[in-house]
Number of protein chains: 2
Amino acid sequence: MRTRDENKEAAIREEAIKMIVKAGFDGLSMQKLAKAADVSPATIYIYFKDREDLIIQLWTGEMEKMAAATLEGFDAAMSFEEGLRVQWMNRANYFMNNQLSMHFMEQIKYSPYENLSRKKMNQTFISIQGEFVHNAIKRKELVKLPLEVYWSVAYAPLYQLVKMHMTGRGLAGRDFKLDDKMMEQTLQLVLKALKP
Amino acid sequence: MRTRDENKEAAIREEAIKMIVKAGFDGLSMQKLAKAADVSPATIYIYFKDREDLIIQLWTGEMEKMAAATLEGFDAAMSFEEGLRVQWMNRANYFMNNQLSMHFMEQIKYSPYENLSRKKMNQTFISIQGEFVHNAIKRKELVKLPLEVYWSVAYAPLYQLVKMHMTGRGLAGRDFKLDDKMMEQTLQLVLKALKP
DNA sequence: TTTATAAAAGAACGAACATTCATTTATATT
DNA sequence: AATATAAATGAATGTTCGTTCTTTTATAAA
């Protein structure tokens, strides 16, 4: 039998993400995607059940890559400050080096597809985060707070800054570029907020 | 001549937002919208130039309402803590009471329509924010930082929490409900981070 | 009451859509 | 070398899309 050409699937995934980022979900046409990925429309349906399945698979694929990058060099037993710094920097670097992927994930996050994909979220990733926060609170290195509040204070500012950096525009449409100094300053503010 | 029935435009706007929130931008069909708003497809084109114009007008309309609500009782000359608290609470209340609108705005924020709509952003709103931050830094009630860093630390956590509240799910798909106590706690953390 | 005019409607347009069908092609196994 | 089989294709399917055309309807001004 004929063997699969894995390049084809990769090309489809890559072009689909490009297309969604550039033109939104309603800009993702299967026929245009086939043309961009240099395959037949029918070929897409060998690798993906349908349009919705394609989008969900894109999401889970990118999420997994990001989760792996985030946890590099991280250990749930680390001190709060060290652990937060490692994850913060991992995230920041990953986003800065994978802006297309980041943009795609932000787009899907607030779309109706999010509900469909949520159940596929990596459970290990989540439980490591939970353990880390639990440890830090027990050691009194982190104020006592719900997991969601921790998450919001710790990472939402970083996400916001990276998003502004990606578009090149900050508040009031000002030119904006996120640099190391600004990132370090924000991390310090976050630590100040979270340490007892 | 026949007079405009303003209810028609309102119905179109309302149903369009509902439709986008429920099914995303690719779920917004002009013919389905016409049916939902109980008008003819052609009628939509009396009030809106085309589909894109409709979406941009929805965005600017909702933005204006939100900006107005945010500034209620606020004055750029207020002390930092008081001013931040007023805006924080205004935002929180507005979002909690207008979840559909909030959801719609989050969706458009990360879509390609955002670029098209940005230039229409209310400039007064932005300059008031700038003035407030400038004053607070000068009075040494706020650490010296770029406007974007301020914004990210001050409001991104709130947005994140409200979004989780809207979906009813927090981290790891846990049930999540944002209450007054949690909101107050987060505001305190933010103030701690930002005060010198 | 008549007239002028914009609002509103419903049917219709070609274009683009997601998906499938029938056929050809490449390769691992025999 | 022959066979079996899944990959890959291009054309075709019926459907839905955004938008416009022509006609009818309501009302403000005459």
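Only heavy atoms go into these numbers, but all of them, side chains included; no hydrogens, no water, no symmetry mates. Naming convention: chains lettered A, B, ... in sequence-line order (proteins, then strands); numbering from 1 in each chain.
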Which comes earlier along DNA chain C counting from the 5' end, the contact point of A:Asp50 or that of B:Pro41, where each point is its nearest nucleotide?
->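 The residue whose closest nucleotide sits nearer the 5' end is B:Pro41.
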Exercise. Return the 5'-most residue of the pair B:Thr43, A:Lys49 with respect to DNA chain C, ranking by each residue's nearest nucleotide.
Key: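 Its nearest nucleotide lies further toward 5', so the answer is B:Thr43.
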Yes or no on salt bridge (Lys or Arg N to Asp or Glu O under 4.0 Å) for B:Glu148 and A:Arg174, after CA distance, side-chain angles and deciding distance? CA-CA 10 Å; B:Glu148 284 80 10; A:Arg174 310 188 327 160; 2.7 Å; yes
Would you say CG of A:Asp38 has more than 12 non-hydrogen atoms from neighbouring residues, nucleotides or ligands within 6.0 angstrom?
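Not more than 12 within 6.0 Å, no.
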Mind calculating the distance between [atom1] ([X]) and [atom2] ([N]) to the nearest angstrom?
X	N	atom1	atom2	result
A:Lys35	D:dA11	NZ	P	10 Å
A:Ile55	C:dT19	CD1	C1'	15 Å
A:Leu28	C:dA16	CG	P	16 Å
B:Tyr45	D:dT22	OH	C1'	17 Å
A:Ile12	C:dA18	CD1	P	14 Å
B:Lys8	C:dA8	NZ	C1'	7 Å
B:Glu6	D:dT27	CD	P	14 Å
B:Arg4	C:dT5	CZ	P	17 Å

Just compare D:dA8, D:dG18, C:dA8 and give me whichever is closest to any side-chain atom of B:Asp5.
->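 When the side chain of B:Asp5 is considered, C:dA8 is the closest of D:dA8, D:dG18, C:dA8.
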Using a cut-off of 4.0 Å on non-hydrogen atoms, how would the nucleic acid contact of [X] be classed: base, sugar-phosphate, or nothing?
X	answer
A:Tyr47	sugar-phosphate
B:Leu54	nothing
B:Leu33	nothing

**Request:** Locate the shortest heavy-atom distance separating A:Pro112 from B:Gln107; write the atom from each residue and the value.
**Result:**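 Residues A:Pro112 and B:Gln107, closest heavy atoms: CD-NE2, 4.1 Å.
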Verify the contact: side-chain N or O of [X] to OP1 or OP2 of [N], cut-off strictly under 4.0 Å; return yes or no.
X	N	value
B:Ser29	D:dG18	yes
B:Arg2	C:dT5	no
B:Lys32	D:dC17	yes

*Could a donor-acceptor pair under 3.5 angstrom be found where the side chain of A:Gln31 meets the base of C:dA16?*
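Check fails, no donor-acceptor contact within cut-off.
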Measure the shortest side-chain to side-chain distance between A:Gln129 and A:Leu71 over non-hydrogen atoms and say whether it is less than 4.5 angstrom.
->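 In short, these two side chains touch, coming nearer than 4.5 Å.
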Using heavy atoms to find the nearest nucleotide of DNA chain D for B:Gly27 and A:Thr3 separately, return the residue whose nucleotide is more 5′.
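Result: A:Thr3.
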field: Side-chain donor-acceptor contact under 3.5 Å, B:Lys65 with B:Tyr94
entry: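 No donor-acceptor contact under 3.5 Å links the two side chains.
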